[in-house]
Amino acid sequence: MNIDRALKEAMSVAGAVGVALVDYESGMSLGTLGGGDWLNLEVAAAGNTEVVRSKLRVMSALGLNDDIEDILITLHRQYHLIRLLQPAKGTSTLFLYLVLDRERANLALARHQLKRIEADLVV
């Protein structure tokens, strides 16, 4: 699946408000869908690169020999889900960033669907 199809699939997740595919090395979005006046996905994506970088630095400092699947940020009305992409070969610096309306979303199902999208995505 290509980037556009992956973003559309992510927006089909119940409660989805916006989604971005982001490179955490550069902070740039490879694509976005959704968002709106109150959710600037470009700004949010760039800001969340710092979250990912920080967590990776901490894991390195602790000597953890593991990979991040996802990072969840819970707000009173939203879930912000960051899913780091694990390529079949080599390394990846990409993540899917999905914002969900907490009242309409099923977090477990959203995580499952992002995992499925990750498996099918070709960048």
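The residues of the chain are indexed from 1 along the displayed sequence. All of these numbers come straight from a predicted model, not from anything done at the bench.
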- So do Val17 and Trp38 actually touch side chain to side chain, heavy atoms under 4.5 Å? yes
- Check whether any side-chain heavy atom of Phe95 sits under 4.5 Å from a side-chain heavy atom of Ile71, and report yes or no. no
- To the nearest 0.5 Å, tell me how far Arg77 CZ sits from Arg104 CZ. 14.0 Å
- Query: Can a salt bridge be assigned to the pair Glu118 and Lys115 using a cut-off of 4.0 Å between side-chain N and carboxylate O?
  - Reply: no
- Leu64-Val58 co-clustered via ILVMFWY side chain contacts under 4.5 Å: yes
- Message: If I take atom CZ from residue Arg83 and atom CG from residue Leu114, how far apart are they, to the nearest 0.5 angstrom?
- Response: 7.0 Å
- CG of Leu7 to OG of Ser12, rounded to nearest 0.5 Å, is 11.0 Å
- Query: Is Ile82 reachable from Met11 through a run of hydrophobic residues whose side-chain heavy atoms are each under 4.5 Å from the next?
  - Reply: no
- Query: Taking 4.0 angstrom as the limit, do Arg111 and Asp70 come out as a salt bridge?
  - Reply: yes
- Item | Greater than 12 external heavy atoms within 6.0 Å of Met28's CE | no
- Message: Let me confirm one number: the CG-CG distance from Leu98 to Leu21, rounded to the nearest 0.5 Å.
- Response: 12.0 Å
- Query: Considering only heavy atoms from C-beta outward, does the side chain of Gln113 approach that of Glu9 to under 4.5 Å?
  - Reply: no
- Rounded to the nearest 0.5 Å, how far does CG of Leu96 lie from CG of Leu121? 6.5 Å
- Is Val51 close to Asn48 at the side-chain level, that is, under 4.5 Å between some pair of heavy atoms? yes
- Do Val99 and Val52 share a hydrophobic cluster, counting only Ile, Leu, Val, Met, Phe, Trp and Tyr and linking them when any side-chain heavy atoms are less than 4.5 Å apart? yes
- Task: Any chance you could measure Tyr79, atom OH, to Ile73, atom CD1, to the nearest 0.5 Å?
- Result: 13.5 Å
- Task: State which residue, out of Asn106, Leu100, Leu109, fulfils the side chain to side chain contact (heavy atoms under 4.5 Å, CB included) condition with Val13.
- Result: Leu100
- Message: For Leu94, is there any backbone N or O sitting under 3.5 Å from a side-chain donor or acceptor partner on Ser92?
- Response: yes
- Could you label the plane-to-plane angle of the Tyr97 and His80 rings as parallel, tilted or perpendicular, counting under 30° as parallel and over 60° as perpendicular? tilted
- Query: Which atom pair, heavy atoms only, marks the closest approach of Ala10 to Ala16?
  - Reply: O-CB, 3.6 Å
- Hey, does Val22 have a side-chain heavy atom less than 4.5 Å from the side chain of Leu30? no
- Side-chain contact, heavy-atom cut-off 4.5 Å: Val19 with Thr32? no
- Query: Under 4.5 Å between any side-chain heavy atoms of Glu69 and Leu84, yes or no?
  - Reply: no
- Do you know the tightest heavy-atom contact between Ala44 and Leu39? CB-CD1, 4.4 Å
- Contact check, side chains of Leu107 and Leu72, non-hydrogen atoms, under 4.5 Å: yes
- Message: On a heavy-atom basis, which atom in Arg102 and which in Gln78 lie closest, and how many Å separate them?
- Response: CB-N, 3.7 Å
- Query: Is Leu85 reachable from Met1 through a run of hydrophobic residues whose side-chain heavy atoms are each under 4.5 Å from the next?
  - Reply: yes
